[in-house]
**Student:** 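One structure is given below, represented as structure tokens, and several questions about it will come after.
Values in this document were obtained by computation on a predicted structure and should not be read as measured data. All values below come from the heavy atoms of this structure, side chains included, with hydrogens, waters and symmetry mates left out.
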Amino acid sequence: MASELHGEYKVHGGKLVVVDCSVTDGRLGGVRVSGDFFLEPDEALDAINAALNGLSADLPAADIANAVTAALPSDAVLFGFSAQAVSIAVRRALTRASSWVDHEWDIIAPTVLPTAINVALDEVLTEEVGAGLRNPTLRFWDWEEPSVVIGSFQSVRNEVDPAGVDKYGINVVRRITGGGAMFMEAGNCITYSLYLPQTLVDGLTFEDSYKYLDTWVMAALESMGIEAFYVPLNDIATSQGKIGGAAQKRLGNGAMLHHVTMSYDIDADKMVQVLRIGKEKLSDKGTRSAKKRVDPLRRQSGMTRQEILNRMSETFADRYGATQAHLTDEELSEAARRVESKFGTQEWLHRVP
């Protein structure tokens, strides 16, 4: 007798979708979709269940969603959920996808390290999670030297002004994720990295995966009086403008890196001397003059950077049962080796001239 399977998925900003089913001879059977969503007409639920029954249990989430969409009546209205949400719940029932509570999470508190080491650790720790050598982990960055961290595919020549770099002693490093350049002086940003299995975002579009992985951040910001939201694809903003940006990298071993930098209190005058596109970056932060500071988190929360870091860490731990962890000597040594062989080399820095 086939065992009963159960999967749940909470839509970001939406409703809960639940799927109960079984698998016989590799195909779904006895499928029952339920939840606190809204659906019209009532018969559409029967259409969804019928579409799922008999499907191969090995189908990817996109194909499951397509089957649901094709079966829906032309007048169907789905509110608070989607065909994609149903497919994710199915995949979770089949244990092809995971949720936050399926994993034991670690948190690594801010540790002052050279920026190149921070960048190298992103690669090292992501690989370890994929290899099962480390729990999925949230790590907060810290650093001392003024730095620019450019995206994996950005041009050094186009992004960085050599005169500003020399004037202020800026350390320029390239990371493994895409996205834009980050101007980072000690204490002016809040930066964190999530190292996780890709099963956590199984079935999600790239756009939705950004929002999903930062749900806890939005909750932390809300607790500080900051109403934040995602602006596709990867910007975190409030009604007063952009406060941060995210980037991701998926590895072949099944792990992924999700990286976010948010502005706490940036010297915008210095930033536009260091970054060639600094003035354009300021335009979506509501800052017309470069003689101002880009300080959304400090100004909107009224909290110190350390207080914000504490609140974020507490929020993540409370939601997902995460425990405090630390970087091992072996991880730090491996990161240092990769700085020597990759992240600290001119070849890597100028791989996009």
Side-chain angles (χ1 to χ4, degrees), residues 108-123 125-126 137-154 159-160 170-195 209-211 213-214 216-218 220-221 224 226 228-231 233-238 241-249 256-268 270-272 274-275 277-278 280-282 284-285 287 293-301 303 305-306 308-309 311-313 316 343:
I108 299 176
T111 305
V112 175
L113 295 167
T115 305
I117 292 289
N118 275 311
V119 170
L121 279 169
D122 272 359
E123 185 174 73
L125 299 185
T126 306
T137 300
L138 166 66
R139 180 176 72 92
F140 291 98
W141 290 33
D142 218 338
W143 61 95
E144 288 183 343
E145 77 274 23
S147 303
V148 166
V149 181
I150 63 174
S152 180
F153 309 106
Q154 288 188 299
E159 297 299 324
V160 181
I170 304 296
N171 180 35
V172 183
V173 181
R174 184 185 296 276
R175 62 182 187 269
I176 63 171
T177 57
M182 301 150 41
F183 174 62
M184 304 167 57
E185 291 185 291
N188 75 354
C189 297
I190 290 177
T191 298
Y192 63 85
S193 297
L194 273 171
Y195 315 104
S209 72
Y210 280 92
K211 292 184 289 186
L213 294 177
D214 282 331
W216 65 277
V217 180
M218 301 306 178
L221 292 172
M224 295 180 261
I226 301 175
F229 50 87
Y230 250 91
V231 177
L233 172 66
N234 63 328
D235 285 344
I236 300 173
T238 70
K242 179 178 175 179
I243 62 174
Q248 294 181 356
K249 176 70 174 181
M256 67 179 290
L257 163 66
H258 178 83
H259 171 101
V260 172
T261 291
M262 295 186 289
S263 171
Y264 177 73
D265 189 8
I266 292 178
D267 185 334
K270 188 179 296 185
M271 183 173 72
V272 298
V274 173
L275 298 180
I277 59 173
E280 179 65 20
K281 284 182 177 291
L282 289 179
D284 65 0
K285 295 183 173 68
T287 305
R293 301 188 73 89
V294 182
D295 61 348
L297 289 182
R298 182 186 64 79
R299 174 168 36 84
Q300 295 183 42
S301 72
M303 298 169 66
R305 179 174 178 268
Q306 188 58 54
I308 294 174
L309 287 166
R311 180 69 59 84
M312 292 174 67
S313 182
F316 189 89
F343 294 101

**Student:** If only atom types and distance count, is the side chain of Arg298 paired as donor or acceptor with the main-chain N or O of Ile266 below 3.5 Å?
**Tutor:**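 Between the backbone of Ile266 and the side chain of Arg298 there is no qualifying donor-acceptor contact (under 3.5 Å).
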**Student:** Before giving the answer on side chain to side chain contact (heavy atoms under 4.5 Å, CB included), spell out for Tyr195 and Leu257 the whole-Å C-alpha distance, their side-chain angles and the decisive distance to 0.1 Å.
**Tutor:** CA-CA 5 Å; Tyr195 315 104; Leu257 163 66; 3.6 Å; yes
**Student:** Between Asp122 and Ser193, does any side-chain donor sit less than 3.5 Å from a side-chain acceptor?
**Tutor:** yes
**Student:** Are side-chain heavy atoms of Asp295 and Tyr264 found at a separation under 4.5 Å?
**Tutor:** no
**Student:** As a quick check of understanding, evaluate side chain to side chain contact (heavy atoms under 4.5 Å, CB included) for Val149 and Asn118, giving each step before the final call.
**Tutor:** CA-CA 10 Å; Val149 181; Asn118 275 311; over 6 Å; no
**Student:** Are Arg305 and Asp142 close enough, and set up right, to give a side chain to side chain contact (heavy atoms under 4.5 Å, CB included), and what steps lead you there?
**Tutor:** CA-CA 11 Å; Arg305 179 174 178 268; Asp142 218 338; 3.6 Å; yes
**Student:** Aromatic rings Phe316 and Trp216: how do their planes relate, parallel, tilted or perpendicular, breaks at 30° and 60°?
**Tutor:** perpendicular
**Student:** Ala181 and Glu159: which non-hydrogen atoms are nearest, and at how many Å?
**Tutor:** CB-OE1, 4.2 Å
**Student:** Is any side-chain heavy atom of Arg175 less than 4.5 Å from a side-chain heavy atom of Phe343?
**Tutor:**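 They are not in contact (no side-chain heavy atoms under 4.5 Å apart), so the answer is no.
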**Student:** Is there a side-chain contact between Pro146 and Ile170 (heavy atoms, below 4.5 Å)?
**Tutor:**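 In contact.
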**Student:** Given the rule in the side-chain hydrogen bond (donor to acceptor under 3.5 Å, both in side chains) test, do Arg139 and Thr137 qualify, once you have shown the distances and angles that lead to the verdict?
**Tutor:** CA-CA 6 Å; Arg139 180 176 72 92; Thr137 300; over 6 Å; no
**Student:** Between Arg174 (side chain only) and Ser152 (backbone N and O only), is there a donor and an acceptor less than 3.5 Å apart?
**Tutor:** yes
**Student:** Answer yes or no: is there a side-chain heavy-atom contact under 4.5 Å between Leu121 and Trp141?
**Tutor:**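 Side-chain contact under 4.5 Å: no.
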**Student:** Can you list the steps and then say if Asn188 with Asp267 is a side chain to side chain contact (heavy atoms under 4.5 Å, CB included)?
**Tutor:** CA-CA 8 Å; Asn188 75 354; Asp267 185 334; over 6 Å; no
**Student:** For the side chain to side chain contact (heavy atoms under 4.5 Å, CB included) test, which of Ile108, Leu309, Asp214, Thr261 pairs with Tyr192?
**Tutor:** Asp214
**Student:** Contact between Leu138 and Met312 at the side-chain level, heavy atoms closer than 4.5 Å - yes or no?
**Tutor:**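 Not in contact.
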**Student:** Hey, does Gln248 have a side-chain heavy atom less than 4.5 Å from the side chain of Ser209?
**Tutor:**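 The answer is yes; the side chains approach within 4.5 Å.
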**Student:** Without swapping roles, check the side chain of Glu145 against the backbone of Thr115 for a donor-acceptor pair under 3.5 Å.
**Tutor:**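 Between the backbone of Thr115 and the side chain of Glu145 there is a qualifying donor-acceptor contact (under 3.5 Å).
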**Student:** Just jot down the ring pair (Phe, Tyr, Trp, His ring centres under 6.0 Å) partners of Trp143, sequence neighbours excluded, or say none.
**Tutor:** none
